[in-house]
Amino acid sequence: MEHAIAWDDGAIVTIDQRALPDEYRPLRLTTIDELIDAIAALAIRGAPAVGVAGALGIALSAHLRAHEGELDEAGVRADAERIASARPTAVNLEWGVRRALSRVADGADAVLAEALALLGEDEAVNRAAARRAAEFLRARCAPGPLRILTHCNTGRLATVAWGTALGAIRELAAAGQVAEVLAGETRPLLQGARLTAWELAEEGIPHRLCVDSAGPAAIAAGMVDCVIVGADRVAANGDVANKIGTYSLAVAAGRAGIPFVVVAPESTLDSRTFSGSEIEIEERAAEEVTHHGGRRMAPEGTPVFNPAFDVTPSELVTAVVTETRTLVRGKEDGSGLPDRIADRIDVIPDFPNKGVLFQDLAPFYADAAIVRDTAAEMARAFRGKFDCVLALEARGFPIGAAVAQHSDVPLILARKHGKLPGEVISAGYGLEYGKDTLEVQAKGIPAGSRVLIVDDVLATGGTLTAAAQLVTGCGALVGGIAAIVELDALGGRAKLSSHEVFTVHHVA
């Protein structure tokens, strides 16, 4: 197969990774139960691959539940819950399911188109992340071919094509910059021994296999220049969940002073999970430890602790590299988010009135990655403090919608005077260059809810003060106020001193 997973005429086609390296066995999955079994049993594995499988699973469900032009949406959503819970640690599975499910109202063909779009994106995403990681390691390590330690399988088998951490190794090897790869055998099911060693041999990359407990010893003995791994989930604080045995490698790398780098797509970064302590760690069957090749190796009845993953604290991670950025111990390498925002704002003098420096965010909104990252940062700042988002007309609408979508909460729109039907609640306010009125429908904001108010710019604070009055006028609570840009010289924050305010980029 050209790709590790594909769609073929109403079926999901993939490779049974349990059979490798002895047998290259294709799987053709035509039911939701078959797909769930394949994911749970690790026939399909690897965070990016299960994300694509989840999206294709929704397409399969829609295909099976479409009759005479009508789609059983409730049935598809029920299947989605089952698929998303097949493996709890990897966030990509739920992400892929949700992305395809977002098109269910448009019919089965639209769901399939979205799933195929995700599948088509995977290789480009992986190649971009791999290139970034290879460049980072070239800059961080001594010149010359590198001795690299990797863990689990992060190659083309764990993705649709190319790979993440193993993709970076392929990039370096193609440039003649790999002396040797030391691959840990990796439980469960020896994915390093069976899959990574197979891929490295296929590529002709020099490598050796070691038992998992030998990895830290190799690092301590000076046999390793850097450690590079993938991830199943990266929490908002930078903690990384990856295959069991990763944590000990990070500890050893930290003690030895060598880079410990994580390569993963943006879809693996989960800002809704604050820290690694909140990540559900899957525990595998006891037989994977007590038995080998169908033969019992431990005394009958021996209790077993068999977690599939562990969590590496952010302070042990040198960098997390995605397709769009390199996060170095909590900050972006090269250009942080405020600098990126500054690069995407045009300042227009004397608009709309003389003496006003207008902050034009059109270039900001044209950059999908920056909008996504800004929304995630706003959501992180107020995590657990809001139940819905109130976005302000007009330039607050797109960023408010992005925050609401990211946080999976309702979006409420505050409009200018006369634009809403029915009974409304109003609040007047002063602008940097005039006056206006903000309104919400009388029943638009649920009483008792915690509302995050989102706008594009905090200037004099008039608009946001009026928005806070609308919230309290509806019997709700202001959970926080967020804006993309704050014009510090205009002193708007002082008017909002009774509320928690967060802005990403400051203009003096």
Quiz item: Just by modelled atom types, is the V91 backbone N or O under 3.5 Å from a matching donor or acceptor in the D270 side chain?
Solution: no
Quiz item: Do the charged groups of R131 and E135 touch, with an N to O distance under 4.0 Å?
Solution: no
Donor-acceptor list for residues 291-301 side chains, cut-off 3.5 Å, not counting sequence neighbours:
unit_1	atom_1	unit_2	atom_2	d
R296	NH1	A298	O	3.1

Quiz item: Do any N or O atoms from the side chain of T150 and from the backbone of A183 form a donor-acceptor pair under 3.5 angstrom?
Solution: no
Exercise. For H506, check side chain to side chain donor-acceptor pair (under 3.5 Å) against everything at least two apart and list the hits.
Key: D488, T503
Exercise. Search all heavy atoms of V125 against all heavy atoms of P265 and return the closest pair with its distance.
Key: CG1-CB, 3.8 Å
Exercise. For S277, enumerate each residue passing the side chain to side chain donor-acceptor pair (under 3.5 Å) test, keeping only those at least two apart in sequence or located in another chain.
Key: S275
Quiz prompt | Residue list, side chain to side chain donor-acceptor pair (under 3.5 Å) with E70, at least two apart or on another chain | solution = none
Quiz item: Do other residues, nucleotides or ligands put more than 12 heavy atoms under 6.0 Å from R255 CZ?
Solution: no
Quiz item: Shortest non-hydrogen contact from A130 to A168?
Solution: CB-N, 3.4 Å
Quiz item: Going by atom types only, do E266 and T322 share a side-chain donor-acceptor pair under 3.5 Å?
Solution: yes
Exercise. Find the distance between CD (E280) and CZ (R87) and round it off to the nearest 0.5 Å.
Key: 11.5 Å
Exercise. Look only at the side chain of R194 and the backbone of L20, and say whether a donor-acceptor pair between them is shorter than 3.5 Å.
Key: yes
Quiz prompt | Single hit among D367, D373, T374 for side-chain hydrogen bond (donor to acceptor under 3.5 Å, both in side chains) with R340 | solution = D373
Practice problem: List the steps, then state whether side chain to side chain contact (heavy atoms under 4.5 Å, CB included) holds for W7 with I5. | Solution: CA-CA 7 Å; W7 175 265; I5 188 166; over 6 Å; no
Quiz item: Quick one: are N242 and D232 in side-chain contact, heavy atoms under 4.5 Å?
Solution: yes
Practice problem: Apply the test side chain to side chain contact (heavy atoms under 4.5 Å, CB included) to residues K243 and N153: give CA-CA distance (whole Å), side-chain angles for both, the deciding distance (0.1 Å), then the verdict. | Solution: CA-CA 9 Å; K243 201 64 66 190; N153 174 258; over 6 Å; no
Quiz item: Measuring from E180:CD to D225:CG, what's the distance to the nearest 0.5 Å?
Solution: 10.5 Å
Exercise. Would you indicate whether the side-chain heavy atoms of V229 and F260 approach each other to under 4.5 Å?
Key: yes
Quiz item: Should V263 and F136 count as side-chain neighbours, where that means a heavy-atom distance under 4.5 Å?
Solution: no
Practice problem: Flag yes if more than 12 heavy atoms outside Y247 fall under 6.0 Å of its OH atom; otherwise flag no. | Solution: no
Quiz item: Is it true that E185 and R187 make a salt bridge, defined as a side-chain N closer than 4.0 Å to a carboxylate O?
Solution: no
Determine all donor-acceptor pairs shorter than 3.5 Å in which one atom belongs to a side chain in residues 104-118; sequence neighbours excluded.
unit_1	atom_1	unit_2	atom_2	d
D106	OD2	R103	NE	3.0
E114	OE2	R99	NE	2.7

Quiz item: Would you find a donor on one side and an acceptor on the other, under 3.5 Å apart, between the side chain of N306 and the backbone of E283?
Solution: no
Quiz item: Checking side chain to side chain contact (heavy atoms under 4.5 Å, CB included) for the pair L452/K385: CA distance, chi angles, key distance, verdict?
Solution: CA-CA 8 Å; L452 175 61; K385 298 179 180 180; over 6 Å; no
Quiz item: Does R28 reach the main-chain N or O of D8 with its side chain, forming a donor-acceptor pair under 3.5 Å?
Solution: yes
Self-check item: Side chain to side chain, C226 and V261, heavy atoms closer than 4.5 Å
Solution: no
Quiz item: Does a side-chain heavy-atom distance below 4.5 Å link L249 with P216?
Solution: yes
Self-check item: Partners passing salt bridge (charged side-chain N to carboxylate O under 4.0 Å, His left out) against E199 (at least two apart in sequence or in another chain)
Solution: none
Quiz item: With distance as the sole criterion, is a donor-acceptor pair present between the side chains of N126 and T164 under 3.5 Å?
Solution: no
Exercise. Mind checking the CG-CG spacing from L149 to L182? Nearest 0.5 Å is all I need.
Key: 4.5 Å
Quiz item: Should we say atom OH of Y365 is surrounded by more than 12 heavy atoms from elsewhere, each under 6.0 Å from it?
Solution: yes
Self-check item: side chain to side chain contact (heavy atoms under 4.5 Å, CB included) partners of Q17, counting only residues at least two apart
Solution: R45, L157, L195
Quiz item: Is E278 atom CD crowded by more than 12 heavy atoms from other residues, nucleotides or ligands, each under 6.0 Å away?
Solution: yes
Exercise. Go through the steps to decide whether M378 and I484 satisfy the test side chain to side chain contact (heavy atoms under 4.5 Å, CB included), and finish with yes or no.
Key: CA-CA 9 Å; M378 289 178 171; I484 303 166; 3.8 Å; yes
Quiz item: What are the two closest heavy atoms between C152 and T186, and how far apart are they?
Solution: N-OG1, 2.9 Å
Quiz item: Looking at L137, V262, I228, T326, which hits side-chain contact (heavy atoms from CB on, under 4.5 Å) with V321?
Solution: T326
Exercise. Applying side chain to side chain contact (heavy atoms under 4.5 Å, CB included), name anything that partners A375, two or more places apart in sequence or on another chain.
Key: I399, A402, V403
Quiz prompt | T14 OG1 to H3 NE2 distance, which is reported to the nearest 0.5 Å | solution = 12.0 Å
Practice problem: Could you tell me whether the side chain of H505 reaches within less than 4.5 Å of the side chain of R344, counting heavy atoms only? | Solution: no
Quiz item: How would you list, by chain and number, every residue that makes a salt bridge (charged side-chain N to carboxylate O under 4.0 Å, His left out) with E323, sequence neighbours excluded?
Solution: none
Acceptor/donor pairs from residues 29-44 side chains to any protein atom, 3.5 angstrom cut, sequence neighbours excluded:
unit_1	atom_1	unit_2	atom_2	d
T30	OG1	E34	OE1	3.4
T31	OG1	E34	N	3.1
D33	OD1	R82	NH2	2.3
E34	OE1	T30	N	2.7
E34	OE1	T31	N	3.4

Practice problem: Considering non-hydrogen atoms only, spot the tightest contact between D72 and G75 and give its length. | Solution: OD1-N, 3.0 Å
Practice problem: Working to the nearest 0.5 Å, report the span between OG1 of T273 and CZ of R233. | Solution: 4.5 Å
Quiz prompt | Heavy-atom side-chain proximity of S314 to D239 below 4.5 angstrom | solution = yes
Quiz item: Would you say R208 has more than 12 foreign heavy atoms packed within less than 6.0 Å of its CZ?
Solution: no
Exercise. Enter the distance from D79:CG to L60:CG here, rounded to the nearest 0.5 Å.
Key: 8.5 Å
Quiz item: Looking at side-chain heavy atoms only, is the closest gap between S407 and F386 below 4.5 Å?
Solution: yes
Between side-chain atoms of residues 48-58 and protein atoms elsewhere (two or more places apart, or another chain), which donor-acceptor pairs fall under 3.5 Å?
none

Quiz item: What pair of heavy atoms forms the shortest contact from T268 to A231, and how long is it?
Solution: CG2-O, 3.6 Å
Exercise. Return the minimal non-hydrogen interatomic distance between A84 and L93, and the atom names on each side.
Key: O-CD2, 3.7 Å
Exercise. Kindly write out the residues that satisfy salt bridge (charged side-chain N to carboxylate O under 4.0 Å, His left out) with E203, not counting sequence neighbours, or none if the list is empty.
Key: R170
